[in-house]
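To start, the structure itself, in structure tokens.
Heads up: numbering here begins at 1 and tracks the sequence. Being a predicted model, the structure only gives us computed values, none of them experimental.
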Amino acid sequence: MALAAACSMSVFAKRRLVCTFRHTCLLFSTNGTDLADQRKSPRRKRPKKPPWTDNLSWEDRLADVVTPLWRLSYDEQLELKQKHQERILSKLCGYLSGDLQSQSPVSRLTFPVLPILPSPVRDGYRNKSTFSVNRGVDGNPKTVGFYIGMGKKGNIVCINGDHLLNMPEKHKLVARCYQDFIRLSPLEPCLLFHTGGHWREVTVRSNSEGHTMAIVYFHPQTLTPEEVAVHKADLVDYFTRGPGSVCQLDSLFFQESTMTRCTHEESPYQLLHGQPHIYEEVLGFKFRISADAFFQVNQAAAEVLYGTVRDLCVPNHEEGGGRTKVGGTLLDVCCGTGAIGITISPRVDRIVGIELVEQAVEDARHNAALSNVLNCEFIPGKAEVVLPGFMSQLDITGGDLVAAVVNPARAGLHHKVIRALRNQPAIRRLVYVSCKPDGEAMRNFRELCCAPDPQKKLTGEAFSPSLAVPVDMFPHTPHCEVVLLFER
């Protein structure tokens, strides 16, 4: 009887998890049609919260928000993600085949979607975590963790994140120590900018060797620089000689800011203790991580992702038991800090990266120098401006363009960048890495593959999707990356 009850609970839990996954996918879908269009009655209102949450602990509620798939086995998580990616990509197939009026919400896939590549590390994989400060369950405003609820409704509760599966123990330790520190501090936390207070969130970054960086964010309000200096000294003392020394921080940064987010140029990151950077290695190449530099949050899975991108951009040819260089030029559009181009560099003669953010270009050049990579060139500027000039130069010199690769943020590529790629006839092979293919990236896919449209200035020959490879970068969450190969 107990066994039957346990089996019943297991079935109920899995059914509940599937509902949670569907609800989460809707939250992260920009058009709201991915799963909502399968509902029979559009008039039915979605309940404000799942009915089972009333009996959950605060910790479980937080886990359901941050890691919605945590109750499922990893194989079950991968199966859900695989089906979700296939459903998204089938919509692209439906668009390209003109089957937009079909009664079926899912069209047939017209190109292969390979089985999702799992993350080598499933728990504690995040190398960057940001912990907020707000009122805890007990009402203490100096609680460090993650919050659930909405500010507009006034029901925000900050929950300790020690139980979250994707957080490494070192990050949790720093968060606990930071909470201890601000509770000892005479200064109040800054929950809302206009209500005063000073201590804000803390970001923790780490590498695979365990080196750790902490960045504390602080609102100065009306404090003088001399008064702020006293509290900075207290912070350093706590983490170097006090109870926080157990964290063994390699770097401690401090940023004063009156805005929610700001760059180093707007408000410099002040190094209070230790080294200005930590370093990480991916596929044998070394990368510098500064306080605000972008880096994939799962280093082990990043190796899988970049290896997949490398193989799709430049297939690995082997002759006589050894690898042969393909040669030619690879174009890395929106290259960021250069990780993709640098990891592909041994297979081609030349890498040309284009990036709008000049600081990222400087980081990319530094990263190439770290590993003595000499065939990478990084150009600052808008891709739609730089591309035509670069392509004409390539034509003059007679260079062979192997492929182009893009890895944009969630917002996708600007339509002018898509137009520039589409209208360059020398680009025959394009690899697109997307962390949200059902968002703005889908618009990019359609514009790459649609029939020529003079009104949109899409005059080049259309691309066709030929292969997709999902890569799980974020175990216990519904998110994953997908690498798409387009050819023409």
Might you work through the salt bridge (Lys or Arg N to Asp or Glu O under 4.0 Å) test for K172 and E169, ending with a clear yes or no? CA-CA 5 Å; K172 298 172 186 177; E169 293 303 319; 3.3 Å; yes
If only atom types and distance count, is the side chain of [X] paired as donor or acceptor with the main-chain N or O of [Y] below 3.5 Å?
{"X": "T212", "Y": "G210", "answer": "yes"}
{"X": "D363", "Y": "T337", "answer": "no"}
{"X": "T67", "Y": "L69", "answer": "no"}
{"X": "E355", "Y": "G336", "answer": "yes"}
{"X": "D332", "Y": "G341", "answer": "yes"}
{"X": "Q255", "Y": "Q270", "answer": "no"}
{"X": "S119", "Y": "P475", "answer": "no"}
{"X": "S267", "Y": "E256", "answer": "yes"}
{"X": "Q424", "Y": "A426", "answer": "no"}
{"X": "N127", "Y": "V204", "answer": "no"}

Between Y279 and R288, is there a cation-pi geometry (under 6.0 Å to ring centre, at most 45° from the normal)?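 No, cation not above the ring by the 6.0 Å, 45° rule.
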State, without any angle test, whether [X] and [Y] hold a side-chain donor-acceptor pair at a distance under 3.5 Å.
{"X": "E447", "Y": "H415", "answer": "no"}
{"X": "T203", "Y": "T130", "answer": "yes"}
{"X": "D64", "Y": "W70", "answer": "yes"}

For [range], pull every pair meeting ring pair (Phe, Tyr, Trp, His ring centres under 6.0 Å), keeping only residues two or more places apart or in separate chains.
{"range": "residues 326-351", "result": "none"}
{"range": "residues 426-447", "result": "Y432-F445, F445-F486"}
{"range": "residues 289-313", "result": "none"}

When rounded to the nearest 0.5 angstrom, what is the spacing between [atom1] in [X] and [atom2] in [Y]?
{"X": "R310", "Y": "T343", "atom1": "CZ", "atom2": "OG1", "result": "6.5 Å"}
{"X": "I156", "Y": "I148", "atom1": "CD1", "atom2": "CD1", "result": "10.5 Å"}
{"X": "C334", "Y": "I354", "atom1": "SG", "atom2": "CD1", "result": "8.5 Å"}
{"X": "I159", "Y": "S132", "atom1": "CD1", "atom2": "OG", "result": "12.0 Å"}
{"X": "E209", "Y": "Q299", "atom1": "CD", "atom2": "CD", "result": "10.0 Å"}
{"X": "L485", "Y": "L312", "atom1": "CG", "atom2": "CG", "result": "5.5 Å"}

Sequence neighbours excluded - salt bridge (charged side-chain N to carboxylate O under 4.0 Å, His left out) pairs with any residue from residues 461-488: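 Only K81-D472, R428-E461, R429-E487 qualify under salt bridge (charged side-chain N to carboxylate O under 4.0 Å, His left out).
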Once you measure the plane-to-plane angle for Y269 and Y217, does it fall in the parallel (<30°), tilted (30-60°) or perpendicular (>60°) bin? perpendicular
Aromatic ring pairing F218/F254, orientation class (parallel under 30°, perpendicular over 60°, tilted between):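 Geometry flag for F254 against F218: tilted rings.
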Hits for side chain to side chain donor-acceptor pair (under 3.5 Å) against R126, two or more places apart or cross-chain, chain-then-number order -> none
Quick one: which of H171, K170, K128 gives a side chain to side chain donor-acceptor pair (under 3.5 Å) with S206?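 So, applying the side chain to side chain donor-acceptor pair (under 3.5 Å) to S206 and each of H171, K170, K128, only H171 qualifies.
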Where do [X] and [Y] come nearest, in terms of heavy atoms and distance?
{"X": "I427", "Y": "F463", "value": "O-CZ, 3.5 Å"}
{"X": "G161", "Y": "L62", "value": "CA-CD2, 4.4 Å"}
{"X": "G94", "Y": "S97", "value": "O-OG, 3.2 Å"}
{"X": "N423", "Y": "G460", "value": "OD1-N, 2.9 Å"}
{"X": "S290", "Y": "H277", "value": "CB-CD2, 3.6 Å"}
{"X": "A468", "Y": "V482", "value": "CB-CG2, 4.3 Å"}

Count the heavy atoms of every other residue, nucleotide or ligand shown that sit under 6.0 Å from CD of E266, and state whether that count exceeds 12. yes
How far apart are the C-alpha atoms of N166 and Y125, what are their side-chain angles, what is the distance that settles it, and do they pass the side-chain contact (heavy atoms from CB on, under 4.5 Å) test? CA-CA 6 Å; N166 59 349; Y125 58 83; 3.5 Å; yes
Could you please spell out the steps behind the side-chain contact (heavy atoms from CB on, under 4.5 Å) verdict for V483 and L467? CA-CA 8 Å; V483 184; L467 183 67; over 6 Å; no
Going by heavy atoms in the side chains, are [X] and [Y] under 4.5 Å from each other?
{"X": "L249", "Y": "V174", "answer": "yes"}
{"X": "M213", "Y": "D250", "answer": "no"}
{"X": "V406", "Y": "L413", "answer": "yes"}
{"X": "I215", "Y": "R205", "answer": "yes"}
{"X": "Q85", "Y": "I116", "answer": "no"}
{"X": "V348", "Y": "T329", "answer": "no"}
{"X": "V405", "Y": "L331", "answer": "no"}
{"X": "I342", "Y": "I351", "answer": "no"}

Evaluate F253 against V216 for side-chain contact (heavy atoms from CB on, under 4.5 Å), listing each step before the verdict. CA-CA 6 Å; F253 281 93; V216 171; over 6 Å; no
Closer than 4.0 angstrom, basic N to acidic O: yes or no for K83 and E86?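 Salt bridge between K83 and E86, a charged N being under 4.0 Å from a carboxylate O: no.
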Just checking Y178 against F131, ring centres under 6.0 Å apart? no
Mind running side-chain contact (heavy atoms from CB on, under 4.5 Å) on H476 and Q77 for me, showing each step along the way? CA-CA 7 Å; H476 312 301; Q77 292 183 31; 3.0 Å; yes
Working note: R347 + D311, criterion salt bridge (Lys or Arg N to Asp or Glu O under 4.0 Å); need CA distance, chi angles, decisive distance, verdict. CA-CA 10 Å; R347 295 193 184 180; D311 290 341; 2.9 Å; yes
Just grab all the side-chain hydrogen bond (donor to acceptor under 3.5 Å, both in side chains) pairs involving residues 367-387, residues at least two apart or on different chains.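 Passing the test, one end in residues 367-387: R350-E377.
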